[in-house]
Amino acid sequence: NAGVTQTPKFRVLKTGQSMTLLCAQDMNHEYMYWYRQDPGMGLRLIHYSVGEGTTAKGEVPDGYNVSRLKKQNFLLGLESAAPSQTSVYFCASRYSGENEQFFGPGTRLTVL
Amino acid sequence: AQRVTQPEKLLSVFKGAPVELKCNYSYSGSPELFWYVQYSRQRLQLLLRHISRESIKGFTADLNKGETSFHLKKPFAQEEDSAMYYCALSIMNTGFQKLVFGTGTRLLVSP
């Protein structure tokens, strides 16, 4: 039981490049979330999903897209990376009957 | 609006000293609060939730609805407690549950 995993762990992009971050969970959780963590700002919700095939915007969705084609996977895409997207990205998931969220190890992204 | 406030960015104490990390919330509904801990460059882990009313690693937190607070306390800090601590409020928004996080407090315990 690996819990919540994220790939890659680190990535450096140039402005304008695109990439996809992958989150996978093996706990059969319905809900999945993408957050970004920035110094002095805590965690802010980017997008979330309440189930396979459904996604919704969080607090800071601009510049990001997501997809949930399979229940266990939640992908976060950056179509044209900007330096303001330099951050640590965390994925989380939870069971529908509980409010506790389980977090992945994070992806450290730098956009030059 | 829903909000979680952690007024201290950094709390520095000596080993063996008592610790209190402050958390205040603003929410019109029935609050459910959590403390998450993040050790250096690791994932966030659940430390406490108010509904369980348990003590984890010597930490306790009591929900005070009158003061809208959920402060985290430990009577004797240890060096291994050094970490980032986030208070989080569970809210319902358009039928969907989400967590609202505070900005975090870094606890530094010196020998």
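So that the names make sense, note that chain A is the first sequence line, chain B the second, and so on, each numbered from 1.
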Between [atom1] on residue [X] and [atom2] on residue [Y], distance to nearest 0.5 Å:
X        : Y        : atom1 : atom2 : answer
B/Thr103 : A/Asp38  : OG1   : CG    : 12.0 Å
B/Leu46  : A/Phe102 : CG    : CZ    : 7.5 Å
B/Leu99  : A/Leu45  : CG    : CG    : 9.0 Å
B/Phe101 : A/Gln101 : CZ    : CD    : 6.0 Å

- Tell me, for B/Gln38 versus chain A, whether the close heavy atoms (under 4.5 Å) come from the side chain, the backbone, both or neither.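 Only the side chain of B/Gln38 comes within 4.5 Å of chain A.
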
- Sort B/Glu32 into side chain, backbone, both or neither according to what part of it lies under 4.5 angstrom from a heavy atom of chain A.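 When you check distances to chain A, only side chain atoms of B/Glu32 fall under 4.5 Å.
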
- Query: Around B/Tyr39, counting heavy atoms of other residues, nucleotides and ligands shown, do more than 12 lie under 6.0 Å from its OH?
  - Reply: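 It does: B/Tyr39 OH has more than 12 such atoms within range.
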
- Examine whether an atom of A/Gln6 lies under 4.5 Å from a heavy atom of chain B, and if so say whether it belongs to the side chain, the backbone or both; otherwise answer neither.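 Neither part.
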
- Which atoms of A/Arg44 come close to chain B, meaning under 4.5 Å heavy atom to heavy atom: side chain ones, backbone ones, both, or neither?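 Answer is neither: A/Arg44 stays 4.5 Å or more from chain B.
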
- Message: With heavy-atom distances below 4.5 Å as the criterion, would you say the side chains of B/Tyr36 and A/Glu100 are in contact?
- Response: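 In contact.
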
- Query: Is any side-chain heavy atom of B/Leu44 closer than 4.5 Å to a side-chain heavy atom of A/Leu43?
  - Reply: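 Yes, side chains in contact.
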
- Which atom of B/Arg43 lies closest to which atom of A/Phe90, heavy atoms considered: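 Closest heavy-atom pair between B/Arg43 and A/Phe90: CA-CE2, 4.1 Å.
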
- Taking NZ, NE, NH1 and NH2 as the nitrogens, is one of them in B/Lys98 or A/Glu59 under 4.0 Å from a carboxylate oxygen of the other?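 No, this pair does not count.
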
- Query: Do A/Phe103 and A/Leu21 share a hydrophobic cluster (ILVMFWY, side-chain heavy atoms under 4.5 Å, transitive)?
  - Reply: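 As far as the 4.5 Å side-chain criterion goes, A/Leu21 and A/Phe103 are not connected within one cluster.
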
